[in-house]
Amino acid sequence: MPELPEVETVRRGLAPAMEGARLERIEVRHRGLRWPIAEDFEKRLTGTTVTGLGRRAKYLLADLSSGEVLIMHLGMSGSFRIDKEKPGAFHHARSKDEKHDHVVFHLSNGKTVTFNDPRRFGSMKIVPRAKLDEEPLLKALGPEPLGNEFDAAMLARACQAKKTSLKAALSDQRVVAGLGNIYVCEALYRAHLSPTRRASTIADRKGEPNERAFALVDAIKAVLNDAIKAGGSSLRDHRQADGSLGYFQHNFRVYDREGEPCPRSKGTIKRIVQSGRSTFYCPACQK
DNA sequence: ACCTCGACCTGCAAGC
DNA sequence: TGCTTGCAGGTCGAGG
């Protein structure tokens, strides 16, 4: 579920609860995430204060007063929940939703932040801040799509020598960091570009961006900004409900709409498989 | 060096 | 109703 906009929405939801709070107690109920949670995880976190909560691509980065950084990834099915610990309250029986609560952060402000992840593709890792730029998880990541370094010239250069499809290139976190299956489909739709088109066709022989590269960069930025905006409003709704973060509904134009009419042409949305993942697009208006 | 594919997990919906 | 199958928003590492 979580691509860049969802992770950013989670970050914005968690920041008010976590920033400035001390981690009083860490409860790890299941160490078997994508990689096992380190044996010294609880010890390294307990007693430190979260000084800031940031994001790089789909990773959440919690800055700690200990001089370390907690790196978290939501995988496919991860989410966070904020609960207010009511002193002396009965705790109700564990519901089905709590079955996959793997890590619980008990904060000094009386709140708890719980990481839930049914499929356990998520991950958590602590690294010294001084070593963050050598961190293998982050080192190979391409530019942030909403940052200034991400532009048509850069994208064209990155795609110039590629033999793969545009879909595969945009899904590659080394080319641009934070897009996933949904937003790649949505961005290509907005840019009127076919997911099967060779990535190198957004550049000329010299690697200079062409019209398609400019359209694509604009589409990527627009679709991400729209989704973050939608996430912001869903945040307000969700917080009152059950505090769960990481999940919100928006209207995709092509994703998961196989067989439906194209919103802007006479075409019908088609589903194909590219490198093992579903791609949705309109063959009539995406060239 | 590049690219594709299987593997890691659980849950859910569709089909029989 | 129950079983089986396929599919899911990610990414790493093996193998071509």
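Side chains are part of it too, since the values below use all heavy atoms of this structure and drop only hydrogens, waters and symmetry mates. Chain letters run A, B, ... following the sequence lines, proteins first, then strands; residues in each count from 1.
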How would you label the contact of A:Leu137 with the nucleic acid (heavy atoms, under 4.0 Å): base, sugar-phosphate, or nothing?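 A:Leu137: backbone/sugar contact only, no base atoms under 4.0 Å.
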
Nearest to the side chain of [X], which nucleotide is it out of [options]?
X	options	result
A:His100	C:dG10, C:dT11, B:dT10	B:dT10
A:Arg119	C:dG10, C:dA8, C:dC12	C:dA8
A:Trp35	C:dG9, C:dC12, C:dG10	C:dC12
A:Lys162	B:dC3, C:dG9, C:dC12	B:dC3
A:Gln173	C:dT11, B:dT4, C:dA8	C:dT11

Using whole Å, what does the distance between atom [atom2] of nucleotide [N] and atom [atom1] of [X] come to?
X	N	atom1	atom2	result
A:Arg120	B:dA7	CZ	P	18 Å
A:Lys163	B:dC2	NZ	P	12 Å
A:Arg277	C:dC12	CZ	C1'	13 Å

Can you measure from CG (A:Leu141) to NZ (A:Lys58) and round to the nearest 0.5 angstrom? 10.0 Å

side-chain N/O [X] vs [N] OP1/OP2, d < 4.0 Å:
X	N	result
A:Tyr183	C:dG9	no
A:Lys58	C:dT11	yes
A:Ser77	C:dA8	no

B:dC5 and C:dC7: how far apart are their P atoms, nearest whole angstrom?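 Nearest-Å result for B:dC5 against C:dC7 at atom P: 15 Å.
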
A:Asp172/A:Arg174 salt bridge by N-O under 4.0 Å criterion: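 So A:Arg174 pairs with A:Asp172 through a salt bridge.
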
Do A:Arg22 and A:Glu24 sit within salt-bridge range, that is, some charged N less than 4.0 Å from a carboxylate O?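 Yes, this pair counts.
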
State whether the aromatic ring of A:Phe121 stacks on the base of C:dT11, taking stacking to mean ring centres under 5.5 Å apart and ring planes under 30° to each other.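 According to the criterion (under 5.5 Å, under 30°), no, A:Phe121 does not stack.
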
Mapping A:Ser171 and A:Arg271 to their closest nucleotides on DNA chain C, which lands nearer the 5' end?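 Final value for this comparison: A:Arg271.
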
